[in-house]
Amino acid sequence: MNDTWTPASWKQFPAAQQPNYADQAELQRAVEQLEKLPPLVTSWEIDHLKDQLAAAQLGKAWMLQGGDCAESFQQCQTEQIASKLKLLLQMSLVIVFASRKQIVRVGRIAGQYAKPRSSDTEVVGGVKLPCYRGDIVNGFEFNPESRRPDPLRLVRGYERSAATLNFIRALSEGGFADLHHPENWNLLFVNEVKGEVAKRYRELVSSLGSALRFMETILGGATVNELKRVDFFTSHEALLLPYESALTRASIRGVGYYNMGTHMPWIGERTRSLQGAHVEYFRGIKNPIGVKIGPSAQPDEVVDLAKHLNPDNEPGRLTLIHRMGRNQIESKLPPIIEAVRKAQCGVLWVCDPMHGNTIATQHGRKTRRFDDVVDELRLSFGIHHACGSSLGGAHLELTGDNVTECTGGSRKLTESDLDVAYETQVDPRLNYEQALEIAFEIAGKLQEFRVP
Ligand code: PEP
Ligand code: CO
């Protein structure tokens, strides 16, 4: 790596999607507070995730990355966090059962507070105010005080991330995650879920119970301790560079700089310019990183990014998350896969079937059609296979809450059902049944493409 990199060298480059803080001294004070606070994750955990992603790159594991489009400070609550974890655990169980592959679980969680926006301002009833950029920047409520980018929110965001992560760690290590008791992962409303998907899941859990009892009987009655806990990692879009660089620390082992605010930061579709500040920041950190790749990406541009961000071609370092949209994936993805392969860049390919499929209803509500999401995912498997590559994971926006934000799915939600429980402030998320249905879909495809 070029030795001009420092955790602050991004400041010499144009940074897209940053808020306009009115008072730079106030921002500096918040950054100095963050710099003194302890890291949220360690370099060992980060390296451990990189090893698992390297296994996924080789086809030995599968990555499931999911969570809210944006977390909110108000939703940093027991049930909301536990539900997301429960749903991801249920999904990974469905996938592991069919694929016989290790699942790398990564949440869009404990720091997913900053959002890129298409415009700096929003006009409502003739009043123009700064746009909402996520709770770590300003408030959603449309009034001047709430919309003012407030640097103290950086510290509040760190604290919420720490509280969320603390709870996740406790749940992952303790009895909650024990595979012998998958009933712990039932969502509060799950008994009301009478549909086909929930039934399939219950059947799977019951056959899993028998398989475990059989295996442990053969082992002489011993309990398999490895099944009592899970690895669960965090990720977010590292958009707000003053925050990200304040949490970037040199490892005490002397092996370089890590973003210690999350295990796996990613670069969004709007900030992946090779000349921009985000790419400069990312090239110097040791974490495994993701880059979103949308339909405007050119094959040679993706190759340049891969070489710049992973010059040593280190396995597990770079995940390319394509989000082309159902209608564009067949034309846009193959040339990119081909170019990356020809350049011999090793990457983990992940499909985000959400962000290319966002549409507006007649009433201006953002939604996604479940069928578009499933189609894009299905097509991805086939395209990778045809290009001699393979899909190693999925990136999803979902919630364990019983929302109605995406149309379709087994309950066949229509546009008029969206009014029932539309809670997102940004992008529409899959609800419990829709997410579980996607997990069964992934499981089916992994079986279809399994190398014997
Ligand atoms: C997101 O993941 O919420 C997002 C904004 O995605 P993208 O950068 O792919 O548009
Ligand atoms: Co989103």
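The figures here come from the full heavy-atom set of this structure, side chains too, leaving out hydrogens, waters and symmetry mates. One-based numbering, in listed order, for ligands and for the atoms of each.
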Distance-only N or O hit between ligand 1 and E237, under 3.5 Å: no

Per-atom contacts, ligand 1 versus E397 - under 4.0 Å to a heavy atom: 1 (C), 2 (O), 3 (O)

Pair R148 + E26, salt bridge at N-O below 4.0 Å: yes

Ligand 1-proximal atoms of E269, by part, heavy-atom distance under 4.0 Å: both

Pair R369 + D375, salt bridge at N-O below 4.0 Å: no

Nitrogen or oxygen of K292 less than 3.5 angstrom from that of ligand 1: yes

Numbered atoms of ligand 1 (with element) below 4.0 Å of C69, judged on heavy atoms: 3 (O)

Minimal non-hydrogen separation, C351 against H322, with atom names: CB-CE1, 3.6 Å

Under 3.5 Å: donor-acceptor pair, side chain of R317, backbone of L309: yes

For the student: nearest non-hydrogen atoms of I442 and A394, plus distance: CD1-CB, 3.9 Å

Distance-only donor-acceptor check, side chains N143 and E141, under 3.5 Å: yes

Enumerated ligand 1 atoms positioned under 4.0 Å from heavy atoms of P116: 5 (C)

R108-ligand 1 polar pair, N/O distance under 3.5 Å: yes

Donor-acceptor pair between Q425 and S72 side chains, under 3.5 angstrom: no

Pair H278-E237, side-chain donor/acceptor within less than 3.5 Å: no

R200 to F440 six-membered ring, cation-pi geometry met (6.0 Å, 45°): yes

Proximity winner for atom 4 (C) of ligand 1, if only heavy atoms of R272, H322, H355 are counted: H355

Geometric N/O contact Q112 with ligand 1, under 3.5 angstrom: no

Nitrogen or oxygen of R323 less than 3.5 angstrom from that of ligand 1: yes

Opening angle at the Co ion (ligand 2) [OD2, D427; OE2, E397; to 10 degrees]: 140°

Proximity to ligand 1 by part of A70, non-hydrogen separation under 4.0 Å: neither

Numbering as shown, the atoms of ligand 1 that approach G268 to under 4.0 Å (heavy-atom distance): 8 (O)

